[in-house]
Peer 1: 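First, the structure itself, so that you have it in front of you.
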Amino acid sequence: MILCLNLNAAIDKTILLNTFELDQIHRSEKVVALAGGKGCNVARALKTLGKSPVVSGWVGGFAGKFIEDELNKEGIATDFVKTGQESRTCTSILDQNNQTLTEIYEKGEPVSAEKIEELEAHFRETVEDYQAITLSGSLPPGVPSDIYARLIKIAHEAGIPTYLDSSKNALRDGIAAKPFLVKPNETEISILLDEKPGTSVRELATAIQAIASRHTTTLALSLGERGALISDGQRVLEAQAPQVNAISAVGSGDSMLAGLLSAFSERLPLEEAIKSGVAAGTANTLTLGAGQFDIDDFEKIRQEVILKTLT
Ligand SMILES: Nc1ncnc2c1ncn2[C@@H]1O[C@H](COP(=O)(O)OP(=O)(O)OP(=O)(O)O)[C@@H](O)[C@H]1O
Ligand SMILES: [Mg+2]
């Protein structure tokens, strides 16, 4: 089993309208509501890759029950800490005629110190049940930015590898606890550097090797359609995906994390891990749902990924 932490859970609701206009009443054409959050996307992708994910974090109220039920309906196990406060709903309004997307993200209720402690204690008790842990996404209000660092430390002590995909202070604090792997994108990596790196592959390769070496971690830097770089602090590899007709890249980074984890959990080397990561991210662009892809697309793309050794 693999634990996918999804601390900032939400219902992701997409409302399809013919035309969206300010100050008007609208009647929806269609409404789709799903369990949202990056940890949920990672879990979906892991399931497609033949793994058994369990999603955890905080949920509460009717929305919390909905998030759990939706994941369970998808065949994904859950182990949430219940807060007694209503979970968030994030609403996206899709205007079909003008092809616009308007997004409203609820901030959510602050998590109490008591519930933070409860999650940490539960994590400590159950961590050894898992083969690996993923820690993805932003944090709800009230949660200190070192929460990922604290959980990574607990996993470390239990000998369980951790995979971190976050941003800003949560990423900066988290990497200091030496997770097995970190997966920022080009924007997110800035917080780990004193100066903004150049955009060339050479400059990025030098930057990720330095970070990976300094923090004793493996750093996979995703570069959207340009593919990805990976370094274990010594070597740096570049992986380029084949050209595809991308429909939606939402959740590609989360799929990539699942691809990397899947390969490393089978004790495959850096080369195979980055190929799997890039293939899962790219396969995800061919399907609408975040973290959803066709395993045949994944296999086909994986064989077409071009790998270069940079260092
Ligand atoms: N337009 C695209 N065409 C082909 N492959 C893509 C495209 N976008 C993303 N990918 C693949 O998915 C991987 C991860 O994507 P990206 O760098 O966009 O992650 P991200 O910014 O973390 O995304 P998110 O956090 O929204 O899931 C890339 O390394 C690449 O392999
Ligand atoms: Mg991402």
Side-chain angles (χ1 to χ4, degrees), residues 3-17 20 26-48 53-83 85-96 99-111 134-141 143 165-168 170 183 185 188 222 246-258 280-281 283-294:
L3 182 67
C4 302
L5 284 171
N6 190 80
L7 298 186
N8 211 357
I11 298 179
D12 262 353
K13 186 184 271 193
T14 304
I15 303 175
L16 199 68
L17 301 178
F20 174 60
H26 300 83
R27 293 188 203 289
S28 61
E29 295 300 309
K30 197 177 169 185
V31 179
V32 181
L34 294 170
K38 301 179 92 54
C40 296
N41 301 341
V42 175
R44 284 186 189 107
L46 282 172
K47 185 164 178 281
T48 300
V54 177
V55 180
S56 180
W58 294 283
V59 291
F62 288 111
K65 178 88 179 70
F66 178 89
I67 292 166
E68 278 187 300
D69 288 352
E70 282 303 304
L71 285 167
N72 297 160
K73 268 195 238 164
E74 290 184 51
I76 295 170
T78 49
D79 186 26
F80 284 105
V81 169
K82 311 289 162 24
T83 60
Q85 286 167 320
E86 195 66 23
S87 287
R88 307 180 299 153
T89 297
C90 294
T91 308
S92 304
I93 302 163
L94 192 62
D95 173 325
Q96 294 188 106
Q99 290 286 305
T100 60
L101 184 69
T102 307
E103 301 189 272
I104 302 160
Y105 285 6
E106 287 177 19
K107 198 162 146 195
E109 297 291 330
V111 182
T134 69
L135 310 96
S136 306
S138 58
L139 303 173
V143 178
D165 179 6
S166 192
S167 59
K168 303 181 186 156
K183 195 225 73 67
N185 61 24
E188 291 158 352
S222 67
I247 299 173
S248 163
V250 179
S252 277
D254 308 325
S255 301
M256 181 175 196
L257 193 73
N284 178 71
T285 68
L286 303 176
T287 309
L288 258 190
Q292 282 174 335
F293 56 86
D294 188 324

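Start at 1 with the first residue, then count along the sequence. Keep in mind that the numbers below use all heavy atoms, side chains included, and drop hydrogens, waters and symmetry copies.
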Peer 1: Which value, rounded to the nearest 0.5 Å, describes the distance between Leu5 atom CG and Trp58 atom CH2?
Peer 2: 9.0 Å
Peer 1: I'd like to know if Glu106 and Lys13 make a salt bridge, using a cut-off of under 4.0 Å between side-chain N and carboxylate O.
Peer 2: no
Peer 1: Between Glu86 and Ala63 (side chain of the first, backbone of the second, donor and acceptor by atom type, cut-off under 3.5 Å), is there such a pair?
Peer 2: yes
Peer 1: Counting only N and O atoms by type, is there a donor-acceptor contact under 3.5 Å from the side chain of Asn6 to the main-chain atoms of Cys40?
Peer 2: yes
Peer 1: Looking only at heavy atoms, what is the nearest atom pair of Val55 and Ala43, with distance?
Peer 2: CG2-CB, 3.5 Å
Peer 1: NZ/Lys107 to CG/Asn8 distance, rounded to the nearest 0.5 angstrom?
Peer 2: 11.5 Å
Peer 1: Between Thr134 and Cys4, what is the shortest heavy-atom contact and its length?
Peer 2: OG1-CA, 3.2 Å
Peer 1: Please tell me if the side chains of Asp165 and Glu188 come closer than 4.5 Å, counting only heavy atoms from C-beta onward.
Peer 2: yes
Peer 1: Would you check if Ile15 and Thr91 make a side-chain contact, meaning some heavy-atom pair closer than 4.5 Å?
Peer 2: yes
Peer 1: Quick one: OG on Ser136 to CG on Asp254, what's the gap to the nearest 0.5 Å?
Peer 2: 6.0 Å
Peer 1: Using a 3.5 Å distance criterion without hydrogens, assess whether the side chain of Ser87 forms a donor-acceptor pair with backbone atoms of Gly60.
Peer 2: yes
Peer 1: Keeping the roles fixed (side chain from Arg44, backbone from Glu74), state whether a donor-acceptor pair exists under 3.5 Å.
Peer 2: no
Peer 1: Looking at Ser255 and Gly281, would you say the former's side chain and the latter's main chain have a donor-acceptor pair under 3.5 Å?
Peer 2: no
Peer 1: Write down the atom of Asn284, the atom of Ala290, and the distance for their closest heavy-atom approach.
Peer 2: OD1-C, 4.0 Å
Peer 1: Between Leu94, Ile93, Asp95, which is the residue that forms a side chain to side chain contact (heavy atoms under 4.5 Å, CB included) with Thr102?
Peer 2: Ile93
Peer 1: Can you tell me how far the SG atom of Cys90 sits from the CG atom of Leu34, to the nearest 0.5 Å?
Peer 2: 12.0 Å
Peer 1: Using a 3.5 Å distance criterion without hydrogens, assess whether the side chain of Ser166 forms a donor-acceptor pair with backbone atoms of Gly137.
Peer 2: yes
Peer 1: Rounded to the nearest 0.5 Å, what separates atom CG in Leu46 from atom CG in Asn41?
Peer 2: 11.0 Å
Peer 1: Please report the shortest heavy-atom distance between Ala9 and Val59, naming the atom on each side.
Peer 2: CB-CG1, 4.0 Å
Peer 1: Let me see the working for Asn72 and Thr78 under side chain to side chain donor-acceptor pair (under 3.5 Å), right down to the final yes or no.
Peer 2: CA-CA 7 Å; Asn72 297 160; Thr78 49; 3.3 Å; yes
Peer 1: Determine yes or no for a side-chain-to-main-chain donor-acceptor pair under 3.5 angstrom, with Thr287 supplying the side chain and Gly289 the backbone.
Peer 2: no
Peer 1: Are any of the side-chain heavy atoms of Pro140 and Leu7 separated by less than 4.5 Å?
Peer 2: yes
Peer 1: Thr48 versus Gln292: any side-chain heavy-atom pair under 4.5 Å?
Peer 2: no
Peer 1: Looking at side-chain heavy atoms only, is the closest gap between Leu3 and Ser56 below 4.5 Å?
Peer 2: yes
Peer 1: Nearest 0.5 angstrom please: Asp79 CG to Glu68 CD, how far?
Peer 2: 9.0 Å
Peer 1: Any chance CZ of Phe66 has more than 12 other-residue heavy atoms, nucleotides or ligands included, within less than 6.0 Å?
Peer 2: yes
Peer 1: Run the salt-bridge test on Glu70 and Lys73 with the 4.0 Å N-O cut-off and return the result as yes or no.
Peer 2: yes
Peer 1: List the residues meeting side chain to side chain donor-acceptor pair (under 3.5 Å) with Asn185, not counting sequence neighbours, and say none if there are none.
Peer 2: none
Peer 1: Measure the shortest side-chain to side-chain distance between Ile11 and Ile67 over non-hydrogen atoms and say whether it is less than 4.5 angstrom.
Peer 2: yes
Peer 1: Side chain to side chain contact (heavy atoms under 4.5 Å, CB included) with Lys30: which residues, sequence neighbours excluded?
Peer 2: Leu16, Val32
Peer 1: What pairs with Phe80 under ring pair (Phe, Tyr, Trp, His ring centres under 6.0 Å), at least two apart in sequence or on another chain?
Peer 2: none
Peer 1: Below 4.5 Å, heavy atoms only, C-beta onward: do Leu17 and Glu29 meet side chain to side chain?
Peer 2: no
Peer 1: Do Ser222 and Lys183 make a side-chain contact, defined as non-hydrogen atoms from C-beta onward lying under 4.5 Å apart?
Peer 2: yes
